[in-house]
Number of protein chains: 2
Amino acid sequence: MNLTDQQRTLIEQIGVWHENNGIQPAAARVMGLMIVSDKRELTFDEITEALSISKSATSNALNLLLRTEHLEYITFPGDRKRYFKMKISNWREAFTRKIDDLTGFNVLLRQVLEVRNRNCDESDEGLQDFISFLDYLHQELPNLLAKWEEQNKKS
Amino acid sequence: MNLTDQQRTLIEQIGVWHENNGIQPAAARVMGLMIVSDKRELTFDEITEALSISKSATSNALNLLLRTEHLEYITFPGDRKRYFKMKISNWREAFTRKIDDLTGFNVLLRQVLEVRNRNCDESDEGLQDFISFLDYLHQELPNLLAKWEEQNKKS
DNA sequence: AAGTTAGTTCTTAAAATTATGAACTAATGA
DNA sequence: TCATTAGTTCATAATTTTAAGAACTAACTT
């Protein structure tokens, strides 16, 4: 597979970043490899070998990343192998998913406001502000993406 | 401590959400309790008792949340207890921290661009787009916050 | 000086996560 | 038909994370 030391280091760093974002270690390394690799598409065995992990670890990681749509694969006629690649365009969707997660939290916060019984209502203001800001984010972030796309297209 | 069933349920839900965002279980429940509780400030013992966890679990969780500035505490003259409370205003900082985390990732992505050797340069475009969008986010998110603050002040 | 209070620390245990290797399957090829 | 390829699955092992409980400390009280 022939990775430079720089590449190996980057794979680990990107791996750690993804671990910190909740992806399991092996899958996180696969993410690192897929983005750092000179080849856009890699096979199961290339991944296993490049990362020195077991076939089962590879199998788990790949299926996880396929399910979460971090990866996809293509095939070629007369070739039984799958060629895995990053679903690059996916960062847009990942972005929206993050926003939705925030919105889910916001639902809980509204319930808090209903359920808890603070003596002084002033105490609720901070929370109301936060809720309001999350609403605002939810509303404005898609616009932000749109604005960037426009600006980026021009150049 | 007298929590309603609704409150207990919400504490768990908020706890799970925080767990999914990388906070350890006990600390995540403390976050839930602090926001759901009728009292704005709670003592060490109240927390221990309300969540039915050990003193060491409480100690760990509180120190973690103090370090990460999710919580702070106040004291009163002639009272040795600490009264823990959420650092409410802190969501603004948490927001900026999230942005910084993205920026950190972006640094790695730029390195990828330098280090990897893709045959067709077209392949780099998607990555360049992503990098560019992250830059844009980094630049615009603070403005978004500012704009919200302004709009919110008026009402 | 002896006891209380408000926590902390340490050892250990339990639980959860992750990876391994071997055995398996299903499709293809010789 | 037998072998090979491209994986998957399963039982187990290793590692990590988390919590418990008991012993401890440091400050204050009586």
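Lettering of chains follows the sequences in order, A, B, ..., and the numbering in each one begins at 1.
- Position along DNA chain C of the nearest nucleotide to B:Lys81 versus A:Ala26 favours B:Lys81 as the more 5'-ward residue.
- Residues B:Ile14 and A:Leu113 share a hydrophobic cluster, clusters being chains of Ile/Leu/Val/Met/Phe/Trp/Tyr side chains in contact below 4.5 Å.
- Side-chain atoms of A:Glu72 and A:Asn90 include no donor-acceptor pair closer than 3.5 Å.
- Regarding contacts with the backbone of D:dT8, a side-chain N or O of A:Arg82 is found under 4.0 angstrom from either OP1 or OP2.
- In this structure, the CZ atom of A:Phe76 is 18 Å from the C1' atom of D:dT5, given to the nearest Å.
- Under a 4.5 Å side-chain heavy-atom cut-off, the cluster of Ile, Leu, Val, Met, Phe, Trp and Tyr residues that includes B:Ile74 is completed by B:Phe76, B:Tyr83.
- A donor and an acceptor atom never sit less than 3.5 Å apart when one is taken from the side chain of A:Arg80 and the other from the base of C:dT28.
- Between B:Asp79 atom CG and D:dC28 atom P there is a gap of 12 Å when expressed in whole angstrom units.
- For the atom pair CG of A:Leu42 and CE of A:Met86, the computed distance is 11.5 Å after rounding to the nearest 0.5 Å.
- Spacing between atom CD of B:Gln24 and atom C1' of C:dA16 amounts to 14 Å, rounded to whole angstrom units.
- How far CG of A:Asn60 is from CG of A:Leu65: 10.5 Å, rounded to the nearest 0.5 Å.
- In the interface, the side chain of B:Ser56 is paired with the base of D:dA20 through a donor and an acceptor atom under 3.5 Å apart.
- Taken over five-pair windows at either terminus, the axes of the helix from C:dA1-D:dT30 to C:dA30-D:dT1 are inclined to one another by 10° (rounded to 10 degrees).
- At whole-Å resolution of the value, CD1 in A:Ile53 and P in C:dG21 are 12 Å apart.
- Side-chain proximity of A:Phe44 to D:dT8, D:dA19, C:dA19: nearest is D:dT8.
- Between B:Thr9 and the options B:Gln13, B:Glu12, B:Gln6, a side chain to side chain contact (heavy atoms under 4.5 Å, CB included) holds for only B:Gln13.
- With rounding to whole Å, B:Asn60 atom CG is found 9 Å from C:dT9 atom C1'.
- Within the nucleic acid shown, B:Asn63 comes within 4.0 Å of sugar-phosphate atoms alone, with no base atom in reach, counting heavy atoms only.
- Atom CG of B:Asn2 has 12 or fewer heavy atoms from other residues, nucleotides or ligands within 6.0 Å.
- Toward the 5′ end of DNA chain C lies the nearest nucleotide of B:Thr58, the other residue of the pair A:Gly78 and B:Thr58 mapping further downstream.
- Rounded to an integer number of Å, the gap from CZ of B:Arg29 to C1' of D:dA19 is 13 Å.
- The phosphate of D:dT8 (OP1 or OP2) has a side-chain N or O of A:Ser59 nearer than 4.0 angstrom.
- For an aromatic pair to be called close, the ring centres must be under 6.0 Å apart, and B:His18 with A:Phe105 satisfies this.
- Rounded to an integer number of Å, the gap from CD1 of A:Ile47 to C1' of D:dG7 is 12 Å.
- Using a 4.0 Å heavy-atom distance criterion, B:Ala57 is classed as a sugar-phosphate-only contact.
- As rounded to whole Å, 8 Å separates atom P of D:dA6 from atom OH of A:Tyr83.
- Here B:Lys55 does not reach the OP1 or OP2 of C:dG7: none of its side-chain N or O atoms lies under 4.0 Å away.
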